[in-house]
Colleague: 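What follows is a single structure, and I will ask about it in a moment.
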Amino acid sequence: SNLKSSVGANYIVDEIFGTVASEFNSAGFQAWKKHQEAEVPLTQLEIQKNEELEQGVFKGGAGTSTAYVHGVAFPIDDSVLEAMDGFKAGTYNYVQVAIDATNERIILAQADTLSLDMVPESFPTNEPRFHFYRWSHTYEDDQFDSIVYCYSCPSSPVKLRMLYSSSKANVSSIAESKGINLDCKLEISDRKEFNEKELTITIHPPKAEQKKAFAKPKPKGGRQLIRNKE
């Protein structure tokens with residue numbers, strides 16, 4: 001640091017750290033420079049979003065023009081509405097909703113009663129889906145019936161992902177129009193992410209710990225009165 005200060009930090013363009021002398025030659029510098037310019041590896045979700053941005057156009061509805069659509073409202077099959085009525089009444093605790101891309105309609109994929117560990121087994125691994133699940137559970141001695149709305153989006157064709165992504169609000173409004181309050185909204189790329197641990201953290205976030213005031217240690221033998229000697 002003293003050398004940098006004496007030379008002038010504004011004159012130093014790069015700093016290279018190494019452990020062997022061979023790293024400080026022309027080949028070593030080129031290897032270092034290549035590493036610095038390399039792109040940071042992306043997650044699967046980031047790759048999917050980049051693909052959507054690059055190819056971000058699809059036909060929305062019956063229009064003749066092709067443009068990016070932030071939200072679409074496809075017609076909803078009666079079977080979906082009936083399933084959501086059954087969901088509200090407690091006939092089912094799980095409803096899966098899909099999109100018929102060919103006919104551009106919101107359709108019912110599944111309506112069932114499942115335990116939590118069985119729910120992700122119903123998630124397709126090759127195309128997106130929407131899921132409504134009533135999670136009846138106990139937390140800190142209290143009983144909860146939490147309504148979870150999940151959008152699962154595994155690796156799948158870009159235009160299909162965009163179609164589902166732009167329909168999220170439309171599908172969630174189906175439940176809201178039935179008077180069903182959504183306690184939790186999730187977006188996942190891997191069905192393994194739908195589990196008790198993740199739901200608990202989302203629905204019951206940990207409370208921030210309160211810092212305890214530092215208590216001065218009491219003097220040994222209790223408090224002592226010291227008199228000044230005259």
Side-chain angles (χ1 to χ4, degrees), residues 41-52 72 74 76-77 79-102 105-140 142-178 180-206:
L42 301 178
T43 65
Q44 183 62 38
L45 185 59
E46 289 171 334
I47 293 173
Q48 289 182 3
K49 288 188 178 297
N50 285 344
E51 289 176 348
E52 291 174 6
V72 293
F74 292 141
I76 303 168
D77 272 7
S79 59
V80 176
L81 302 177
E82 292 170 1
M84 293 307 297
D85 285 334
F87 181 84
K88 182 178 181 180
T91 306
Y92 317 110
N93 71 347
Y94 173 67
V95 172
Q96 182 181 130
V97 177
I99 294 178
D100 181 346
T102 303
R105 295 187 64 84
I106 306 296
I107 62 174
L108 178 66
Q110 183 178 349
D112 210 335
T113 299
L114 302 174
S115 60
L116 177 58
D117 59 335
M118 293 175 62
V119 173
E121 296 299 321
S122 299
F123 289 25
T125 58
N126 58 349
E127 62 181 74
R129 281 290 191 275
F130 301 109
H131 315 267
F132 295 94
Y133 182 62
R134 183 188 302 276
W135 183 34
S136 299
H137 63 285
T138 302
Y139 181 77
E140 293 185 348
D142 291 326
Q143 183 66 33
F144 293 88
D145 281 327
S146 302
I147 307 300
V148 180
Y149 173 54
C150 178
Y151 165 51
S152 63
C153 185
S155 180
S156 49
V158 177
K159 290 186 178 180
L160 187 60
R161 295 201 306 266
M162 292 181 63
L163 196 63
Y164 272 83
S165 180
S166 58
S167 299
K168 289 184 294 185
N170 183 31
V171 174
S172 67
S173 68
I174 300 173
E176 293 162 354
S177 68
K178 297 288 185 181
I180 301 172
N181 183 50
L182 303 177
D183 299 300
C184 171
K185 294 184 179 182
L186 299 176
E187 291 189 26
I188 62 176
S189 57
D190 188 336
R191 63 183 183 178
K192 293 180 181 178
E193 299 174 61
F194 195 94
N195 56 58
E196 182 175 354
K197 180 180 178 181
E198 294 298 328
L199 291 184
T200 300
I201 292 174
T202 305
I203 298 174
H204 309 289

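Both backbone and side-chain heavy atoms feed into the values below; hydrogens, waters and symmetry mates do not. Just so it is clear, the model here is predicted, and its values are computed rather than measured. Positions are given from 1 along the sequence.
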Colleague: Under the side-chain contact (heavy atoms from CB on, under 4.5 Å) criterion, do Gln143 and Ser136 qualify, and how do the steps go?
Modeller: CA-CA 7 Å; Gln143 183 66 33; Ser136 299; 4.1 Å; yes

Colleague: Identify whether the distance between the nearest side-chain nitrogen and carboxylate oxygen of Arg161 and Glu187 falls below 4.0 Å.
Modeller: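 The answer is no: the pair does not qualify as a salt bridge.
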
Colleague: When rounded to the nearest 0.5 angstrom, what distance separates CG in Asp77 from CD1 in Ile106?
Modeller: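 Here the interatomic distance stands at 9.0 Å.
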
Colleague: Can you tell me how far apart CD (Gln110) and OG (Ser122) are? Round to the nearest 0.5 Å.
Modeller: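 These two atoms lie 4.0 Å from each other.
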
Colleague: Start with the C-alpha distance between Leu199 and Leu186, add both sets of side-chain angles, then the distance that settles side-chain contact (heavy atoms from CB on, under 4.5 Å), and finish with yes or no.
Modeller: CA-CA 9 Å; Leu199 291 184; Leu186 299 176; 3.4 Å; yes

Colleague: Give a yes or no on this: more than 12 heavy atoms of other residues, nucleotides or ligands lie within 6.0 Å of atom CD of Glu196.
Modeller: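 No, the 6.0 Å shell around CD holds no more than 12 heavy atoms from other groups.
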
Colleague: Once the angle between the rings of Phe130 and Tyr164 is folded into 0 to 90°, is it parallel (under 30°), tilted (30 to 60°) or perpendicular (over 60°)?
Modeller: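 Ring orientation, 0 to 90° scale: tilted.
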
Colleague: Begin from the C-alpha positions of Asp100 and Phe74 and carry the test side-chain contact (heavy atoms from CB on, under 4.5 Å) through to its verdict.
Modeller: CA-CA 10 Å; Asp100 181 346; Phe74 292 141; over 6 Å; no

Colleague: So do the side chains of Val80 and Val171 get within less than 4.5 Å of each other, counting heavy atoms only?
Modeller: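 Result no, sub-4.5 Å side-chain heavy-atom pair not found.
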
Colleague: Under 6.0 Å between ring centres, would you say that holds for His204 and Phe144?
Modeller: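 Centroid separation for His204 and Phe144: below 6.0 Å.
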
Colleague: Testing Tyr151, Tyr133, Phe194 one by one against Phe123 for a ring pair (Phe, Tyr, Trp, His ring centres under 6.0 Å), which residue passes?
Modeller: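 Passing option: Phe194.
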
Colleague: Hey, can you pull the donor-acceptor pairs under 3.5 Å for the side chains in residues 84-91, sequence neighbours left out?
Modeller:
unit_1: Asp85; atom_1: OD1; unit_2: Lys178; atom_2: NZ; d: 3.1
unit_1: Asp85; atom_1: OD2; unit_2: Lys178; atom_2: NZ; d: 3.4
unit_1: Lys88; atom_1: NZ; unit_2: Lys178; atom_2: O; d: 2.7

Colleague: Mind checking the OH-CG spacing from Tyr149 to Leu182? Nearest 0.5 Å is all I need.
Modeller: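 Those atoms lie 8.0 Å apart.
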
Colleague: Considering all heavy atoms of both residues, which atom of Arg191 and which atom of Pro120 are nearest to each other, and what is their separation?
Modeller: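 Closest heavy-atom pair between Arg191 and Pro120: CD-O, 3.1 Å.
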
Colleague: Report yes if the side chains of Thr200 and Trp135 come closer than 4.5 Å at any heavy-atom pair, otherwise no.
Modeller: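 Side-chain contact under 4.5 Å: yes.
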
Colleague: Quick check: do Ser79 and Ile107 have side-chain heavy atoms less than 4.5 Å from each other?
Modeller: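 No; the side chains remain at least 4.5 Å from each other.
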
Colleague: For Ser156 and Asn126, does a side-chain donor sit closer than 3.5 Å to a side-chain acceptor?
Modeller: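 There is no such pair (donor and acceptor under 3.5 Å, judged by atom type) between the side chains of Ser156 and Asn126.
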
Colleague: Compare every heavy atom of Ser146 with every heavy atom of Asp183, then report the nearest pair and how far apart it is.
Modeller: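 That closest heavy-atom pairing would be OD2-CA, 3.3 Å.
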
Colleague: Can any side-chain N or O of Glu198 pair as donor or acceptor with the backbone N or O of Asn195 at less than 3.5 Å?
Modeller: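 No, the answer is negative, given that no donor and acceptor are paired below the 3.5 Å cut-off.
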
Colleague: Could you grab the distance from atom CD1 of Ile188 to atom NE2 of His131, nearest 0.5 Å is fine?
Modeller: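 Ile188 CD1 to His131 NE2: 6.5 Å, rounded to 0.5 Å.
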
Colleague: I need the minimum non-hydrogen distance between Ala83 and Leu108, along with the two atoms involved.
Modeller: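 What the structure gives for the nearest pair is CB-CD1, 3.8 Å.
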
Colleague: Looking at side-chain heavy atoms only, is the closest gap between Cys153 and Ser165 below 4.5 Å?
Modeller: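 A side-chain contact is absent here, since even the closest heavy-atom pair is not under 4.5 Å.
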
Colleague: Looking only at non-hydrogen atoms, find the nearest pair between Phe132 and Ser172 and report the distance.
Modeller: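 Heavy-atom minimum between the residues: CZ-CA, 4.3 Å.
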
Colleague: Measure the spacing between CD of Glu127 and OG of Ser152 and express it to the nearest 0.5 Å.
Modeller: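 Spacing of CD (Glu127) from OG (Ser152) equals 9.5 Å.
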
Colleague: For Ile147 and Ile180, work out which heavy atoms get closest and say how close.
Modeller: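 For Ile147 versus Ile180, the nearest heavy atoms are CG2-CG2, 4.0 Å.
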
Colleague: Mind checking the CZ-CD1 spacing from Arg105 to Ile99? Nearest 0.5 Å is all I need.
Modeller: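 Here the rounded value is 12.5 Å.
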
